[in-house]
Amino acid sequence: MDSQILIQNFLNALQWGSFYALIALGYTLVYGVLLLINFAHGDIFMVGAYLGFFFAIVLTGNSLIHLPLWIVFIMTVVLSMIATSFVGVTLERVAYRPLRRKGTNRLYVVITALMCGLILENGNLAVFGASRRSFPELIEKTIYSFGGITISNIKIMVIVTAFVAFIVLEMIIRKTRIGMAMRAISYDRVAVPLMGIPVDRIIVFTFVLGSSMAALAGVLFVTAYPVLEPYMGATIGWKAFIAAVVGGIGEIRGAFVGGFLLGFIEIFVAAFFPSTLRDLIAFSVLLVLLSVKPTGLFGFSRSTKI
Amino acid sequence: MLEIKNLYANYGAIEALHGVSLYVDQGEMVALLGANGAGKSTTLMSIMRLPPPEAPLIKQGSIFFNQVNLLNVPPHVVVAEHGIALVPEGRRIFGNLTVFENLTIATYARKDKNQIALDYDAVFDLFPRLNDRKKQRADTLSGGEQQMLAMGRAFMCGASFILLDEPSMGLAPFLMQELFKALKQLNENGVTIFVVEQNANIALKYAHRAYVMETGRIVLEGKSHELVNNPEIRKAYLGA
């Protein structure tokens with residue numbers, strides 16, 4: 001295998017890992033604050049893609065406003081992030097918060113999250129039908145090639161966006177008071193209101209961050225692979241969750257690194273072996289990793305708090 | 001400033017308070033004394049009602065702070081809008097945050113930037129050791145330093161009234177003295193203080209007044225220097 005193919009696969013893996021990383025961030029944020037595995041998160045990714053599709057169609061398909069396509073793209077991303085945040089926060093308000101208020105065992109909340117995901121999938125199926133839809137081409141694809149290595153403008157954009165999003169998130173968590181509050185909740189939720197902090201508002205903010213990252217991933221994904229279908233969030237959501245666990249769930253660096261790790265393993269396995277073996281080998285590697293370090297790469301064992 | 005009237009409260013199935021009445025005036029430092037299980041913490045936690053299981057269930061009575069009934073006010077509002085802060089039992093500092101972040105997080109609801117800057121200075125004046133350890137993770141602090149941090153954090157909430165639950169617990173005697181001196185200093189700077197304490201010796205040394213609780217009732221109250229000389233108190237609480 002020569003270096004050209006290696007670099008080509010490296011670039012592909014960076015893009016593929018970007019999607020996992022962005023979705024894994026949402027899992028890890030919610031887990032860090034609530035110790036809740038939000039199994040509806042993969043479907044939030046799907047909702048983000050569909051809402052992006054909706055906004056893209058509305059913005060391009062009407063005769064009233066004519067905007068340059070790159071502006072339409074940016075508006076699509078931003079509007080989808082905002083609208084998807086509302087969906088994520090609605091789940092928290094309608095499904096998770098009432099259970100939390102009653103002091104329900106966390107297991108029931110996780111099951112509720114699973115059901116919320118199924119409701120989103122099947123709700124979508126009921127409203128839009130099973131047929132696939134194709135995302136409009138908002139960014140004209142340009143392919144640059146350097147000595148046999150090719151990279152598209154979309155690929156560059158996906159990778160750069162993932163890194164920027166991670167840095168912004170890291171800044172929020174590390175430097176702002178609301179970020180400190182998020183970390184404080186994961187350590188001792190009872191003491192947080194003693195600081196004059198409304199815990200529910202911090203939780204809502206956490207869902208806003210997580211859902212908007214999923215929406216960002218969703219719109220980028222359908223920009224790169226322009227097919228939408230109601231179950232598109234299921235597999236990728238599960239995989240991103242595993243990436244978050246491998247990275248050390250609750251740690252946002254872990255989610256980011258875990259996402260890329262999974263991307264790299266998948267792409268390189270597919271490059272060397274028949275692609276039908278991809279997931280088998282990828283998950284076997286992750287299983288070995290977890291059995292060596294059960295808390296994940298960046299994780300630490302935490303005492304269970306009730 | 002604070003006035004509790006005829007308070008009855010349950011802790012789970014236990015009837016913890018049977019008609020507690022007490023008051024704390026502005027500028028005072030008042031202690032609430034009594035043995036383990038007398039209902040001291042329950043009284044305190046009735047003012048700042050954290051989510052269950054921490055919070056006692058109030059059956060009857062009232063808690064007024066500056067003429068506002070606190071009975072249905074959630075704790076973050078008690079802190080942010082009424083200026084009452086609690087230093088909880090066991091300190092409950094955020095171990096995964098640095099010392100400085102622990103102080104900063106307490107300013108979450110505050111907008112008075114200039115005063116916040118002055119308050120950091122005041123905390124570091126009072127506890128220079130916190131300044132030395134500003135960037136350290138809070139769970140690396142010793143017990144005494146954690147108690148200082150918990151007090152500094154309460155002050156950073158912008159509180160004019162600070163409640164403390166057993167601040168001396170688990171500390172060496174010289175550290176207790178240091179902490180109560182710091183409390184006195186805060187009090188002299190205008191912060192009203194209400195402290196629940198098992199260690200009557202030290203509490204009566206620094207507080208203006210004190211209440212003594214037994215099995216959910218206030219059984220004695222008075223100025224500290226009077227209580228110190230009260231033969232019953234000397235026998236039951238001062239080990240003399």
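In what follows, chains are A, B, ... by sequence order, proteins preceding strands, each numbered from 1.
Listed here is the closest heavy atom pair of A/Val190 and B/Leu50: O-CD2, 3.6 Å. Residues A/Gly196 and B/Ala80 come closest through the heavy atom pair O-CB, 4.1 Å. Closest approach of A/Ala181 and B/Ile105 over heavy atoms only: CA-CD1, 3.6 Å. Between A/Tyr187 and B/Ile93, the closest heavy-atom pair is CE2-O, 3.5 Å.
In the displayed structure, B/Gln26 atom CD is contacted under 6.0 Å by at most 12 heavy atoms of other residues, nucleotides or ligands. A 6.0 Å sphere centred on CD of B/Glu188 holds more than 12 heavy atoms belonging to other residues, nucleotides or ligands. Few gaps surround CZ on A/Arg174; more than 12 heavy atoms of other groups in view lie less than 6.0 Å from it. For B/Asn72, the CG atom is loosely surrounded, since the number of other residues' heavy atoms within 6.0 Å does not exceed 12.
Looking at B/Tyr108 and A/Met180, their side chains never come closer than 4.5 Å, going by heavy atoms from C-beta outward. No side-chain heavy atom of A/Pro193 sits less than 4.5 Å from a side-chain heavy atom of B/Val79. A 4.5 Å side-chain heavy-atom check between A/Arg183 and B/Asn96 finds at least one atom pair inside the cut-off.
Using a 4.5 Å cut-off between heavy atoms, A/Arg100 does not touch chain B at all. Contact of B/Ala106 with chain A is made through backbone and side chain together, with heavy-atom distances under 4.5 Å.
When the candidates B/Gly95, B/Pro75, B/Ala85 are compared by the number of heavy-atom contacts under 4.5 Å with chain A, B/Gly95 comes out ahead.
Going from atom CZ of B/Arg92 over to atom CG of A/Asp188 covers 4.0 Å, rounded to the nearest 0.5 Å.
For the side-chain contact (heavy atoms from CB on, under 4.5 Å) test with A/Met195, the passing option among B/Met156, B/Arg153, B/His76 is B/Arg153; the others fail.
With 3.5 Å as the limit, one finds a donor-acceptor pair spanning the side chains of A/Arg177 and B/Thr107.
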